Amino acid sequence: MMRAMTNNDWMKVRADFPILDQQVNGKPLIYFDNAASSQKPRAVIAALAHYYEHDNANVHRGLHELSSRATDAFEGARMKVAKYLGASQTEEIIFTRGTTEAINLVANTWGVRNLRADDVILLTEMEHHSNLVPWQLLAERTGAKLRFVPVVDDGTLAFEPALLDGVKLFSFVHISNSLGTINPAAELCRAARATGVVTLVDGAQSSGHLPVNVREMGCDFYAFSGHKMCAPTGIGALWGRMELLQEMPPWHGGGEMIVSVTYERATYKQPPHKFEAGTPNIAGAVGLGAAVDYLENIGRSEIFAHDSELAALAVARLGEIPGIRVLGPSGQRGALAAFHAGWAHPHDLTTYANEHGLALRGGHHCTQPLMRKLRLPGTTRASFYFYNTTGEVERMAEILRAARKFFDR
Ligand code: PLP
């Protein structure tokens, strides 16, 4: 068994992130906007540089050395992602630009093929716009209806099996980016599967933060973004069950995804290539593969434990500041604490924090309907990753205590 990570180990990990070692507005940078995008370790930056310095070429179609190296690197990254998610086959991984594109892919392929007027798409009231708007567009196109699992006061879902009546697809977020709620994904998928409902899990906030095994989770699709888990922007993936992927029509047409083409029609490759038209983000995939190696080397359980410690400390410290109400569950939560401060608008507060070197995010966090339901103009969010420290959380509390004195006069 591996030994537990010590503080010293975490400080060594932190030193892998050159960007963190800087001053902002004359103060040491505290980067607490990880739910929006994470920072990149040297190993990932080096993998990108190595790819461009040594192996860069287009994939799959060249018979020359660089093209076969680029293809190996690209397909090697797919294998790493498949193993990382516990997929049964490497071919179940489709590279996309990220979570948003992965969800749109399912809506425009599986959704268009399978949904009819009055079929129900079940979502939750805590979805990010990227797991809401694609289904609204699909509902407009097919006449399907949207239904929502309610969010209750403590930020959890009030799910009951009756909500699955008439449902064809249940798409829900694994970890909420605005509440921090960790939804019981396996339980929800089990209930859906029992009534033949297909499930999609939005893993944008979970893929880099806790161990994920799609087969144990029992979902049918899982979408995530690389940039939230130490990889570059512009790369992510959709995992889908092979039986479903095989039946789905292609979405984008073009090069790479065909077997043969006449002027009139085309035949398509097997998944994943059927869904990857055009030159893919090769370097991005290589970077994602390096990020997966990096995270696995630390261990996702270790990352989850560290993140949880930071989140719990933040909730405790924020709760000590008069006028601050932290949203979301009181127990176990994802690596973030979003709060409402009665004495300052989130934009004013994040501007104040920035003057002290502290990167927070203020606003609706792409969950406008949830903010409306909570009757909030938005919230201020601190979101953590394994390279953050308890010292930084204490410093955030100090800055926010001073902010209260500044605003609450
Ligand atoms: N879903 C959740 C829960 C998110 O937090 C995000 C990004 O913030 C997304 C989806 C969209 O991810 P991307 O913009 O990388 O496609």
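As the structure lists them, so they are numbered: ligands from 1, and atoms in each ligand from 1. These figures come from a predicted structure and were not determined experimentally.
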(message) Would you say Thr6 and Asn8 are linked by a side-chain donor-acceptor pair, where the criterion is simply a distance under 3.5 Å?
(response) no
(request) Could you see which bit of Lys228 sits under 4.0 Å from ligand 1, with heavy atoms only: side chain, backbone, both or neither? (result) side chain
(message) On a heavy-atom basis, which atom in His347 and which in Gly363 lie closest, and how many Å separate them?
(response) NE2-CA, 4.0 Å
(message) I'd like to know whether ligand 1 has Arg97 as a neighbour, heavy-atom separation below 4.0 Å.
(response) no
(message) Does either side chain, that of Ser130 or that of His128, offer a donor lying less than 3.5 Å from an acceptor on the other one?
(response) yes
(request) May I ask you to say whether Glu125 pairs ionically with Lys373, meaning some side-chain N is under 4.0 Å from a carboxylate O? (result) yes
(request) Could you establish whether Val173 and ligand 1 come within less than 4.0 Å of each other, counting only heavy atoms on the residue side? (result) yes
(message) Need the ligand 1 atom indices (1-based, order shown) with element for anything under 4.0 Å from a heavy-atom of His227.
(response) 15 (O)
(request) Could you tell me the residue and atom name of the protein heavy atom closest to atom 14 (O) of ligand 1, and the distance to it rounded to 0.1 Å? (result) Thr100 OG1, 3.6 Å
(request) Go through ligand 1 atom by atom and flag the ones less than 4.0 Å from a non-hydrogen atom of Ser225. (result) 12 (O), 13 (P), 15 (O), 16 (O)
(request) Counting heavy atoms only, name the option from Leu132, Asp202, Thr99 that's nearest to atom 1 (N) of ligand 1. (result) Asp202
(message) One thing to verify: whether Glu75 and Arg78 come together as a salt bridge, which I'm taking to mean a side-chain N less than 4.0 angstrom from a carboxylate O.
(response) yes
(request) Identify the two heavy atoms, one from Gly180 and one from Ile175, that lie closest to each other, and give their separation to 0.1 Å. (result) O-CG2, 4.0 Å
(request) Identify, by atom number and element, the atoms of ligand 1 in contact range of Asn177, meaning under 4.0 Å from any of its heavy atoms. (result) 3 (C), 5 (O)
(request) Identify the two heavy atoms, one from Gly253 and one from Ala277, that lie closest to each other, and give their separation to 0.1 Å. (result) C-CB, 3.8 Å
(message) Just to confirm my output: which protein heavy-atom neighbour is closest to atom 10 (C) of ligand 1, and how far is it?
(response) Ser130 OG, 3.0 Å
(request) Starting from atom 5 (O) of ligand 1, locate the nearest protein heavy atom and write down its residue, its atom name and how far away it is, to 0.1 Å. (result) Gln205 NE2, 2.7 Å
(request) Please write down residue, atom name and distance for the protein heavy atom closest to atom 4 (C) of ligand 1. (result) His128 CD2, 3.3 Å
(request) Could you check Thr124, Leu163, Leu123 and say which one makes a side chain to side chain contact (heavy atoms under 4.5 Å, CB included) with Phe148? (result) Leu123
(request) Consider every N or O of Glu101 and every N or O of ligand 1, then say whether any pair is closer than 3.5 Å. (result) no
